[in-house]
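Counting starts at 1 for both ligands and their atoms, in listed order.
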Amino acid sequence: MKGIYANVIVDISHEKVDRPFQYRVPEELMGQLEAGMSVMIPFGKGNKLIKGYVMELTDTPEYEISKIKYVDSVVKGGVSAQADSIKLAWWIKEHYGSTMIAALKTVLPVKQKMKQVVKKTVCCLVDSDTAFSKSEEFEKKHQTAKARLMRELSMQPMLPQLLVTGKLNITTQTIRSLEQAGLVEVTEENVYRNALPDTTSNRWAAGGKKQLSVEQQKVVDSIMEEYGQGIRDTYLLRGVTGSGKTEVYMELIEHVIALGKQAIVLIPEIALTYQTLLRFYQRFGDRVSVMNSKLSPGERSDQFERASKGEIDIMIGPRSALFTPFARLGLIIIDEEHEASYKSETMPKYHAREVAQEICRMHEASLLLGSATPSLEAYFQAKEGKIKLFELNNRLAGGELPRVYIEDLREELKQGNRSIFSRRLKELLQDRLQKGQQSMLFLNRRGFAGFVSCRACGHVMKCPHCDVSLSEHKNGKLVCHYCGYETPHVTKCPKCGSKYILGFRAGTQQIEEMLLKEFPQARVLRMDADTTKNKDSYEKILSQFANEEADILVGTQMIVKGHDFPKVTLVGVIAADMSLHVGDYRAAERTFQLLTQAAGRAGRSALPGEVVIQTYQPEHYAVVHAANQDYEGFYEEEISYRDLMMYPPVANMMAILVLSNDELTGMAHANELADAMKRQFTKERLYVIGPAAASIGKINDIYRSIIYVKHRDYGMLVRVKDEMEALIAAKEWNADTVQFDFNPMSAY
Ligand code: ADP
Ligand code: ZN
Ligand code: ZN
């Protein structure tokens, strides 16, 4: 490519982001332009010269060549923050496959500048006595409104205009005429819609700082030493909940701020609790700002504006906070980095960890990942020496690790116990009720897929090609969500011949009912998608439980996050299998994470904790290692499975989702893509799996077909994506959409 044409987007801070306009690159600039560069271009009918940003260079003209104008010149003076954003958007587009506009919208969530909220204050320009005598003068002239305002001002020389026009019922005209008379002045001040709890004062700043433990200090010192030497790197901090990771983050941030830099802290939305935020405010006062999904566009715009003006040093928030326009970014921290919510579910389907790495590269910042159960991706990089690993091995807030029992549900069945509670769990629940302590029952259900397993021997029906669990469809067929392999409904276990081979389904509501049947005196709270539909209901249930208004909390994985409950001494996992067999390659990893976290909920105070994990597969390595809190052991087994099956992070996987109004057309297009890939990439040994109908084959009347492609090299998959995009562009598949997803978090 020579780059004869430049697709340019006009200066985004003044114009609405719309679409790129094509310009010709003049001879003297050929080979000098790059995406993200600012250029001057003649625009509109009058050919007024305005600034624009180069989106991409291409050899393909989009208009009649004679009508394409020339780029005027390159803007001197280097790369601006906006150009950075464009570069990042470009990287996202290239790396994940999406349109430039979608990528731009991702990195620039503030589409238009929102009107500033202005606070107006009416100030008295004369002293109190004069003001009072003026008010009497006005009174005599029956100018009661003026009289009223001057009287108020004689008592209080500054009044918010809103109060004056509101409560005092004085028109702006009256104020203006007093202004003209030189008696008052209206001052204006920009106020930012603030997302914080009320932290207008600095009184919290510098509070709450802890003397770091030796372990913590070592992490801070190592990272800051490198930082001081100009080394920017990615670090992984592995430490169980309560081992003091957040304290380490804050200390690092303080150092980085002292060097004149700024920091972004990502935490999962669900962990954006008042308690967490308060710790940051106590330490850093109003130099902190927060993003969350509940912010209005105006609030979001204000937060970004404050950030770009350098009025704050720290932005805390979920995935989207990554795009805070800090000019002096020095550090990004991603807490709970293994969380699936760091992967975007909409186009572009980017992963915050990867984008953070790219942002850090662009800004010469460092990246710190923290987790008790790091993602296989992060740990793999650590093992490969691409990330530096630190560990915190002790809990600081006290509390021994709980005792864990694995209860074999096959054994329960043999003994004639058909309830969903094992004998051990029943006994321990009874015990806690008697002692007045609290319990949590955890249903680690994920997604929609029902797997089929044998209650007698634990055998799970799996895909012979993909080594993931098959899912039961309504028609009784068992289907693989990767390759579409199907097998008819089974009535007898192929391993032991038992007829107890069934789909596995149990809901939180069902468990709540069973609990009440078993323990009529128990006070039970339930937390799941149903009971947390309303705003604030999540926090409400948690605080009810924290206030000991219930004995048992039943819920899905949302109950294992966030809050500490000192009175909880028993955690029960109803069936570890539920997340173990969801039919995608990350099932074991997710189960290990959930079980480890769930176990970590018990015994957070002086009271010792116990954990009961019920399962049909007590020998499964995810269960065994979680029970022993043995991350390393789990990692070794899991990574060899990934390696063998060519799953990420050892290899890479790209999902291609074809969306169509018509089932047959969609499938035909998917087939066409699959065939093209097989044909064009035989030499490269690309693994093409499918196409198959996605596990949710139809959403809102749109049919979904899916192809998976595997290769060791990510770059190869990007190439495949590019070629498929070109192929699609050449066809006329108007009605169909094709989405790419690199290393998807779950099966489609
Ligand atoms: P994590 O982020 O790993 O869950 P935190 O940083 O929240 O851990 O620390 C857990 C608890 O221990 C918190 O209550 C915190 O205030 C306390 N803590 C952390 N570091 C120290 C320290 N060096 N000295 C005393 N208490 C600490
Ligand atoms: Zn069996
Ligand atoms: Zn399969």
Any carboxylate oxygen within less than 4.0 angstrom of a Lys/Arg side-chain nitrogen, looking at [X] and [Y]?
X    : Y    : value
D467 : R642 : no
K261 : D313 : no
R238 : E391 : yes
D335 : K245 : no
R586 : E377 : yes
E619 : R410 : yes
R418 : E412 : no

What are the atoms of ligand 1, with element, lying closer than 4.0 Å to any heavy atom of [X]?
X    : value
E247 : 6 (O), 19 (C), 20 (N)
V240 : 3 (O)
Q211 : 22 (C), 23 (N), 24 (N)
S243 : 3 (O), 8 (O)
G242 : 1 (P), 3 (O), 4 (O), 8 (O), 10 (C)

What count do you get for protein N, O or S atoms closer to the Zn ion (ligand 3) than 2.8 Å?
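Considering protein N, O and S only, the Zn ion (ligand 3) has 4 within range.
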Is it true that S213 lies under 4.0 Å from ligand 1, counting heavy atoms only?
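Contact present.
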Heavy-atom distance to atom 20 (N) of ligand 1: which of K210, Q216, R279, E251 wins?
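Heavy atom nearest to atom 20 (N) of ligand 1 belongs to Q216.
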Does E663 have any salt bridge (Lys or Arg N to Asp or Glu O under 4.0 Å) partners at least two apart in sequence or in another chain, and if so, which?
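None.
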Salt bridge (Lys or Arg N to Asp or Glu O under 4.0 Å) involving E548 - partner list, sequence neighbours excluded:
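With neighbours one apart ignored, the set is K567.
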Quiz item: cation-pi between R704 and Y748, 6.0 Å / 45°
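Judged by the rule (NZ or CZ under 6.0 Å from the ring centre, within 45° of its axis), R704 is not positioned above Y748.
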So, is the end of the K218 side chain (NZ or CZ) under 6.0 Å from the ring centre of F390 and within 45° of the ring's axis?
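Verdict for F390: no cation-pi partner in K218.
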Strictly by modelled atom types, are E336 and Y342 linked by a side-chain donor-acceptor pair under 3.5 Å?
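No pair is found: no donor N or O on one side chain lies under 3.5 Å from an acceptor on the other.
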Rounded to the nearest 0.5 Å, what separation is found between the CE atom of M716 and the NE2 atom of H711?
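The distance works out to 4.5 Å.
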Less than 2.8 Å away from the Zn ion (ligand 2), how many protein N/O/S atoms can be counted, ignoring water?
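Number of qualifying protein atoms: 4.
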Check this for me - ligand 1, G239, N or O atoms closer than 3.5 angstrom, yes or no?
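N/O-N/O distance under 3.5 Å: no.
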